[in-house]
Protein chains: 2
Amino acid sequence: MPAKKTIRDVALLAGVSPATVSRVLNDNPRVSAENRERVLGAAKALRFRPNTQARLLAGKRTSTLLLIHPIAGPLTWYFHLLEAGLLKGCGRNGFQLDTLMVFPDSPRRMAKILQPIERGTCEGVVLAAPFSDDPEIIAAVRASRMPFVIIAAGAETRALAAGVGMDDEAAGHMMARHLLGLGHRRFGFTLGLPDHLSAQERFVGARKAFAEAGLGEDAVVEAEGGLDFPSGFAAFNRIHDTGFKPTAVICANDESAAGAIHAARMHGLQLPGALNIVGFDDAPFARLLSPPLTTIAQTIDIMGTRAVTILADAIRKIERPYEMVKPRLVIRESSERVRDFAASAE
Amino acid sequence: MPAKKTIRDVALLAGVSPATVSRVLNDNPRVSAENRERVLGAAKALRFRPNTQARLLAGKRTSTLLLIHPIAGPLTWYFHLLEAGLLKGCGRNGFQLDTLMVFPDSPRRMAKILQPIERGTCEGVVLAAPFSDDPEIIAAVRASRMPFVIIAAGAETRALAAGVGMDDEAAGHMMARHLLGLGHRRFGFTLGLPDHLSAQERFVGARKAFAEAGLGEDAVVEAEGGLDFPSGFAAFNRIHDTGFKPTAVICANDESAAGAIHAARMHGLQLPGALNIVGFDDAPFARLLSPPLTTIAQTIDIMGTRAVTILADAIRKIERPYEMVKPRLVIRESSERVRDFAASAE
DNA sequence: CTGAAAGCGCTTACAG
DNA sequence: CTGAAAGCGCTTACAG
């Protein structure tokens, strides 16, 4: 195996001091263009890779970003994807990633979140939902002067901090338009959790689309729900029990849609054919359901990568607004043009 | 924020030199019991946490483990779980984790895998399937003298190296026994990929159980398949086209089972009721299918954590045999007692 | 803009 | 078994 190259080797080849090499590597502007060229050339020629450990040690930096996310039963795929995206961004930007899991309902959640920030074990923080929705937490983190970004935040906190998230209202609007375009006129809704604002906004958008299409209140039945399979199952049953016969049911997310699909089958409904069920997120399993699920994709991993860039800027005191990612409709077999079945539903 | 404690602070409080503190921290046996006690006590009192960067730099070690896994479309959940388990183990054992993705069919796969090993950018390697099934790769890695473990290997390579995996033959046997116990006597099989040995072994085990139950060759129809949704879909259709009417179809894994479920529905079969379909893995989405899938759980994350321990031992020259994890049957709604439907299948 | 020097927190021969 | 010292590869005031 070839001997490891160090900053000294590069300095020797470039004919400068190690300090100058270090400056070039760190984008320090106080280096002449000529020396910069030579150092870069020498580094490339030697295939020099700086030693991360040494950089961190000498720079007295942790170069560690901290992801704070909820301990939650469902949606593990969501956090896997988010983490994968963050890791990718960390790799590009020379950061490490630590993860802190917090119970969203714990009374000690604020202390839990603030502890690593006050100890200085990280240089920046990524707040995932539902923490990104909580103005108190945002205020406390901001007061600590620790750079941070929020992911998938609701309207209130979005105005307060940098971050990324999907435009959920647009997503809801897009899904409703899709179904309206297929001829649907009677809808069911299974709602998400009250404290998860982004799920709420999906329905705000959908309602707008219904109103624009001239549908009245009697065209829609909502049911309390949640973001997991059992919640979707129960919510569907609640709609069914009202006697109202929607031709399409919009679920808060894909997991609850899976539950709703199963509930609909238990009632002997043919899917699709007698009923359309759709979700949000384009979870990895959405295409594995029967029928494969029509849904709205949000590129969570890409959002994670983007979040690191925004956070890296925040660390350098570059301020940015919260960024809204455009939703994308993914049409699969679970939605289809309304033929005569609308009349014969069930 | 409290000042960071260093090894010097601990040495001062314990009344020894920093070198002694370092030895205690590294389990060096050449420290008197008395000094060990004092150092440990001082470290605890000061809440001392050694600086990883400095340790790695001074020790000239990378403390990095390398996971080599295939670039594959489906089964991403599998690698997420494996990685999560490995990361947990790395945390406990003071390792970092790098991941190298390799195309299993690339002609350059051997070179890709050997490169980081020869460069010495890691201290140990984790080989995931299908690389763990390849005797050539095993031999090459062994020849490099780099410590390594294999995950989910077939019988041939299992005898050659340390690692962890489920006992797939036992898993297949267990699933077949479950279905036989429910009264099933006519079976369909969708096979996995030919080069993924652990999937093959599942069927070896199942066939044994059928033979033990006195079933003949005519009780089973197999179809070429794969490990993803489309493969399962196609494999089911192939079985269906033969005219054979199984009461239960055993699929190579959960993703292909999802495809088979969808195919069965397209043929108008009621699930369950007219047909049982089961899978292997207990993937996170298995409970989200309609019907929720009966399957065999393998604790992939725990296997990952265990793999790090085994690899850490290998690095210390402690040899271990390949470990087989016991499968666990997860019964959900997709399997049920055969009533009269066996006769009226379809 | 540039270099010499000190230092980041730890490990490890070396000498005892 | 123990300590003084050198050094891991880099960064950053400091002085110019």
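Computation of the quantities below employed the complete heavy-atom set of this structure, encompassing side-chain atoms and omitting hydrogens, waters and symmetry-equivalent molecules. We name chains A, B, ... by the order of the sequence lines, and we start the count at 1 in each one.
Looking at heavy-atom distances under 4.0 Å, A:R8 makes no contact with the nucleic acid at all. B:T6 comes within contact range of the sugar-phosphate backbone alone, with a heavy-atom separation under 4.0 Å but no base atom that close.
Going from atom OG1 of B:T121 over to atom CG of B:D98 covers 7.0 Å, rounded to the nearest 0.5 Å. Going from atom CG of B:L66 over to atom CG of B:L311 covers 10.0 Å, rounded to the nearest 0.5 Å. Annotation: the span from A:I113 atom CD1 to A:I137 atom CD1 amounts to 4.0 Å, rounded to 0.5 Å.
Pairs engaging residues 56-71 of chain B under the salt bridge (charged side-chain N to carboxylate O under 4.0 Å, His left out) rule: B:R61-B:E123 [sequence neighbours left out]. A side chain to side chain donor-acceptor pair (under 3.5 Å) check over residues 28-49 of chain A, counting only residues at least two apart or in different chains, returns nothing. Identified under the salt bridge (charged side-chain N to carboxylate O under 4.0 Å, His left out) test for residues 309-319 of chain A, with sequence neighbours left out: A:D313-A:R316, A:D313-A:R320. Applying the side chain to side chain donor-acceptor pair (under 3.5 Å) test to every pair with at least one member in residues 104-115 of chain B, sequence neighbours left out, gives these pairs: B:R109-B:D134.
Reading DNA chain D from its 5' end, the first and the last nucleotide to sit under 4.0 Å from a heavy atom of chain A are D:dG9 to D:dA13.
For DNA chain D, the residues of residues 51-58 of chain A within the heavy-atom distance limit of 4.0 Å (strictly under) are A:N51, A:A54, A:R55, A:A58, sorted by number. Residues from residues 35-48 of chain B placing a heavy atom under 4.0 Å of any atom in DNA chain C, listed by number, are B:F48.
Here A:A140 pairs with A:M110, A:L114 under the side chain to side chain contact (heavy atoms under 4.5 Å, CB included) rule; sequence neighbours left out. Residues satisfying the side-chain hydrogen bond (donor to acceptor under 3.5 Å, both in side chains) criterion with A:R142, sequence neighbours excluded, are absent altogether. B:R306 meets the salt bridge (Lys or Arg N to Asp or Glu O under 4.0 Å) test with B:E323; sequence neighbours excluded. Among residues two or more places apart in sequence or in another chain, the side chain to side chain contact (heavy atoms under 4.5 Å, CB included) test is passed with A:A84 by B:H80.
Projected onto DNA chain D by closest heavy-atom contact, B:T20 and B:G59 fall at different nucleotides, the more 5' of which corresponds to B:T20. Both A:A19 and B:P18 lie near DNA chain D, and the one whose nearest nucleotide falls closer to the 5' end is B:P18.
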With side chain to side chain contact (heavy atoms under 4.5 Å, CB included) as the criterion, how do A:V21 and A:L13 come out once you've worked through the C-alpha distance, each side chain's angles and the decisive distance to 0.1 Å? CA-CA 11 Å; A:V21 176; A:L13 182 61; over 6 Å; no
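A donor-acceptor contact shorter than 3.5 Å is absent between the side chain of A:Y322 and the backbone of A:A162.
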Could you provide the dot-bracket string of DNA chain C, using ( ) for intrastrand pairs, [ ] for crossing pairs and | for bases paired to another strand, with Watson-Crick or G-U pairs below 3.5 Å? |||.||||||||.|||
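Using C1' as the reference atom, D:dT12 and D:dG16 are 16 Å apart when rounded to the nearest Å.
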